[in-house]
Amino acid sequence: MAEVNVALKKVEMNEGFDLPEAVALDATDGAYISFRGQDAKTVILLTGTGEAVVKAGDGLQAINDLAVTVGANGTALELESGAYKITSGAHKGTVHITGPATVKVQAFELI
């Protein structure tokens with residue numbers, strides 16, 4: 001299968017916007033989400049059904065993977081970049097999420 005790349009949708013304060021289409025995780029490779037903004041201003045939304053796993057990053061503060069069961073109405077994540085961001089290699093500046101193709105993802109940066 002092919003990896004999925006998810007871009008951050010920038011969200012302007014005091015403005016409405018149409019949500020971009022959620023992207024299904026690749027059942028084999030998951031998805032790489034752009035994570036170049038501020039931690040507290042980056043929100044990842046998971047919808048669908050199943051358990052997603054946010055893979056530990058490769059930085060000094062990296063910890064264990066984070067397993068998240070997607071709730072009936074979806075699940076929102078705010079992640080610490082030091083723990084989950086990939087800092088080198090082909091996927092530098094991203095967060096890697098794996099799980100079944102029944103989980104869909106969107107990412108937003110509040111600016």
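- For the pair Leu8 and Thr42, the minimum side-chain heavy-atom distance is below 4.5 Å.
- Taking a 6.0 Å sphere around CG of Leu19, one finds it holds more than 12 heavy atoms contributed by other residues, nucleotides or ligands.
- Here the side chains of Lys92 and Lys85 are not in contact, with every heavy-atom distance at 4.5 Å or above.
- Once rounded to the nearest 0.5 Å, the distance linking CG of Asp58 with CD1 of Ile86 reads 6.5 Å.
- Taking hydrophobic clusters as Ile, Leu, Val, Met, Phe, Trp and Tyr residues chained together by side-chain heavy-atom distances below 4.5 Å, Val23 shares a cluster with Val54.
- Contact annotation: the side chain of Val6 never approaches that of Ser34 to less than 4.5 Å [non-hydrogen atoms, C-beta and beyond].
- Between Leu45 and Val43, the closest side-chain pair of non-hydrogen atoms falls below 4.5 Å.
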Item to complete: Apply the test side-chain contact (heavy atoms from CB on, under 4.5 Å) to residues Thr94 and Phe35: give CA-CA distance (whole Å), side-chain angles for both, the deciding distance (0.1 Å), then the verdict.
Response: CA-CA 5 Å; Thr94 66; Phe35 203 86; 5.6 Å; no
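- Taking each heavy atom of Leu46 and Ala52 in turn, the nearest pair found is CD1-CB, 3.9 Å.
- The two residues Asp29 and His96 come nearest to each other via the heavy atoms O-NE2, 2.8 Å.
- At least one side-chain heavy atom of Tyr32 sits less than 4.5 Å from a side-chain heavy atom of Asn5.
- Looking at Ile33 and Ile44, their side chains come closer than 4.5 Å, going by heavy atoms from C-beta outward.
- The closest side-chain heavy-atom distance from Lys9 to Phe17 is below 4.5 Å.
- The closest donor-acceptor contact from the side chain of Asp26 to the backbone of Glu3 lies at 3.5 Å or more, if one exists at all.
- Closest heavy-atom contact between Ala56 and Ile63: CB-O, 2.6 Å.
- In this structure, Leu25 is not a member of the same hydrophobic cluster as Val53, with clusters built from ILVMFWY side-chain heavy atoms closer than 4.5 Å.
- Expressed to the nearest 0.5 Å, how far OG of Ser81 lies from CD of Gln38 amounts to 10.0 Å.
- Looking at Leu79 and Asp39, their side chains never come closer than 4.5 Å, going by heavy atoms from C-beta outward.
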Side chains of residues 101-111: which donor-acceptor partners sit under 3.5 Å, not counting sequence neighbours?
residue, atom, partner, partner atom, Å
Thr102, OG1, Thr49, O, 2.5
Gln106, NE2, Pro20, O, 2.6
Glu109, OE1, Lys10, NZ, 2.9

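- Both Val70 and Tyr84 are assigned to one and the same hydrophobic cluster, defined by single-linkage of ILVMFWY side chains at heavy-atom distances under 4.5 Å.
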